[in-house]
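Report on the following structure.
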Amino acid sequence: MKIPKPCKTSKTWIAAGTLGLLSVTATAQAAVAPEALVGPVADYKLYVLDNLEQLVTHTEDFTAAIEAGDLAKAKALYAPTRVYYERIEPIAELFADLDVSIDAREDDYEQGVEDPDFTGFHRLEYGLFHDASTDGMKTYAQGLMADVEELDSRVQALTFPPETVVGGAAALMEEVAATKISGEEDRYSRTDLWDFQGNVDGAREIFELFRPLAAQEDADFVARVEDNFDDVEKTLADYRLDPDDPQAGFESYDEVSDADRRALTGPVTVLAEDLSTLRGLLGLN
Amino acid sequence: MSQSDRSSRCPFTTLQTACQQTTSQKTKPQKTKPQQADDRQAGHPPTDPPSPAHAERRRFLKGASLTGLGLGLGFTGLGGACPARALAATGHGEDVTSAPQQQDAELRYPFHGEHQQGIVTPRPATGMLVAFDVLARDRDDLEKLMRVLTERIAFLTQGGRIPERDPLFPPPDSGTLGPVIAPDGLTVTVAVGDSLFDERYGLASARPKRLQRMEGFPNDALDAARCHGDLALQICANTLDTGYHALRDIIKNTPGLLMVRWKQEGTVPLLPPAPGDIDGSARNFLGFRDGSANPDGDDEALMDELVWVGRDHDEPAWAQGGSYLAARIIRNFVERWDRTPLNEQETIFGRRKMSGAPLSDGAAEGREQDVPDYTLDPEGKITPLDAHIRLANPRTPATEKNRILRRPFNYSNGVEANGQLDMGLLFLCFQADLEAGFITVQRRLDGEPLEEYIKPVGGGYFFVLPGARDDNDYLGRSLLAATA
Ligand code: HEM
């Protein structure tokens, strides 16, 4: 099938960092055949389901530790559990009710930590890391478990809309740009780098699945995105506790130097900007 | 922009035919002014040494020529610059800090030139300073950044139709000004901070000699989140909307190259044109006219001496045509000020509040443009020795070189925890020598009575790059070339 070359000019302007008046013209819509998207979308659903399965098992262990009053274990399991959620956020967020009860932050509530509606991971984070106690956490733990299971069953039944899947890559980088660089996501546990990596993994997975299609449209774009992903991952790798064991996790976000925060902002912003064009590149509305 | 537009150097393309004969580099209409009349205006004794009065604002004469528009044309014909019609089109009194009088969306300043715009350009009703961290990874990236900035500013300040794009993509323009961008008096002035000259880009050997990191002064309570920066943009326009549009355009076009560090916007009140008050300075949030004694931005020789780095200024050659920018975010305690007796307010500044006139011994109220003669008042019986204007400019031959060109805006940011308004002055001033200028003046002001009502909380020092000469030039080229 012949794929028309759309948006010739629109692809280069961000690379060149300029959108000079003449460098962007209205172009015909890209026409990646809809059936070409079926494979990658199906693969992505498998990825999401796999991560959900992990999320369920890890949440079981995490909440069990809380119910058993094992503070040290609960703290250790907090970040490694969340990471599965962070990877699949574009899909998880489709269920706004669950996203709020699982992942809202105290800033989302007028009364902050005291708000009776404040539940989920970050409520537990506050108890475990700020109060350093599992007291009173049992209900939140049980609630989280129930929400995660509910999420799992809803996603099983979900038909994945291609534009949500493809747009998810950009959405994840927006997450990073908005809340990870500033270090406000996990302010008590300081485990932001776990979430950071989770978002980047999730975005990269989507990008890799659609890469062959994108490459047909714009090879430079693909190369640039790869480079920027590599850059971000390289900086993140510097903060791994054990370079050979991904499960060992990351240093506290407090350890990240200002220079590295800036070094991360650059490629993250370019990724957000570039990936915001992925849907258009693949002709998705 | 057509060739004739550029060569005319007249900012008002709508008035093109009226503006063909410009010979000077000036970026705004120029006038010839009889010198003696100026002295007479200033009431200056003929025997005095050359004093600020000579070079000070001559807008009252200019004002006269503006009021008598019929007279204006013949009068200004001499200068060969844009005639008074063009002046009227600026919607502005004629000096840098005259109160803006009206908004002309078609007001357009030429982008290319020896100097950047936004310094001797009459201050419009809104302005902001945005400081950035530069994220460029190497010199190539930095050059790319400077080229993109140049290209964007050249477009934004001249205006035009925004580009369109396949609607499946994010639009290239925020669209906040609609499909056609009006120039709206926009100027974007690019300046660099001393941190840009660290080890990252190999610029250390070219650092302007007086460029340094801003240190706190005794009355300061600096907030680290609102200080310094590798690069700063001063963005001024008739409306904040135009400024914000420009800022978002620049951010969108520089991903991975720039990161906003802090931003402060401000405004100055529009002054409806009124006979007799044609060219008063705009008021600040303490209710006083601000800018009265500013050096005359139209006086090229004076600007070359005080504002622009030139051959005589002992700076690297690449820096010629540039200027130092001192930016300060200065909180005003307005509730407290409003509970202070008028006499005390006036004594603190050394000027009358309503008229802006300097304090005088007679009962008769003077005029804003009057020049105080401190030689007749050595003990400070009329103007206290610690009055703001007397400390800021003692008007002695020795302090002539400390004069600065101020271009401030009033800001209002919301409410403090104590329920008081967070208002103040985005103080911006330009000078050819940062140490002789802002730093010396601020040191003289340290401990002034005004301090009880103000608190500097942020800001930074920057060096304004020389202008981009033409389409083949870009801002920062001379700096990069000097360190190649
Ligand atoms: C919130 C802070 C400030 C306020 C409200 C303020 C206000 C004023 C006012 C009302 C005047 C008299 C009118 C005029 O000539 O413009 C004035 C003059 C002046 N101010 Fe300020 N000012 C402030 C901060 C500063 C700072 C930080 C500097 C420099 C370090 C400065 C330097 C000057 C100078 C040089 C003059 C002119 C004096 C003369 O030549 O007679 N001001 N200011």
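To find a chain, count down the sequence lines: A is the first, B the second, and so on, and within it residues start at 1.
- Within a 6.0 Å radius of CD in B/Glu215, no more than 12 heavy atoms belonging to other residues, nucleotides or ligands are found.
- Going from atom CD1 of A/Ile181 over to atom CE of B/Met259 covers 7.0 Å, rounded to the nearest 0.5 Å.
- With a 4.5 Å cut-off on non-hydrogen atoms, B/Arg147 does not touch chain A at all.
- For B/Arg261, no part lies under 4.5 angstrom from a heavy atom of chain A.
- With B/Pro255 as reference, A/Thr269 is the one residue of A/Asp274, A/Asn228, A/Thr269, A/Thr265 to meet the side chain to side chain contact (heavy atoms under 4.5 Å, CB included) rule.
- The distance from atom CG of A/Leu281 to atom CG of B/Asp166, rounded to the nearest 0.5 Å, is 10.0 Å.
- To the nearest 0.5 Å, atoms CG (B/Leu135) and CG (A/Leu264) are separated by 10.5 Å.
- A/Thr159 pairs by the side chain to side chain contact (heavy atoms under 4.5 Å, CB included) definition with nothing, not counting sequence neighbours.
- Using a 4.0 Å cut-off between charged side-chain N and carboxylate O, B/Asp133 and A/Arg261 make no salt bridge.
- Atom CG of A/Leu282 is separated from atom CG of B/Leu168 by 10.5 Å, given to the nearest 0.5 angstrom.
- Taking the side chain as every heavy atom from C-beta outward, B/Thr254 and A/Glu273 never approach each other to under 4.5 Å.
- Heavy atoms of A/Asp258 lying under 4.5 Å from chain B are absent altogether.
- Within residues 185-193 of chain B, no residue approaches chain A closer than 4.5 Å by heavy atoms.
- Residue-environment remark: CG (A/Asp254) exceeds the threshold of 12 foreign heavy atoms within 6.0 Å.
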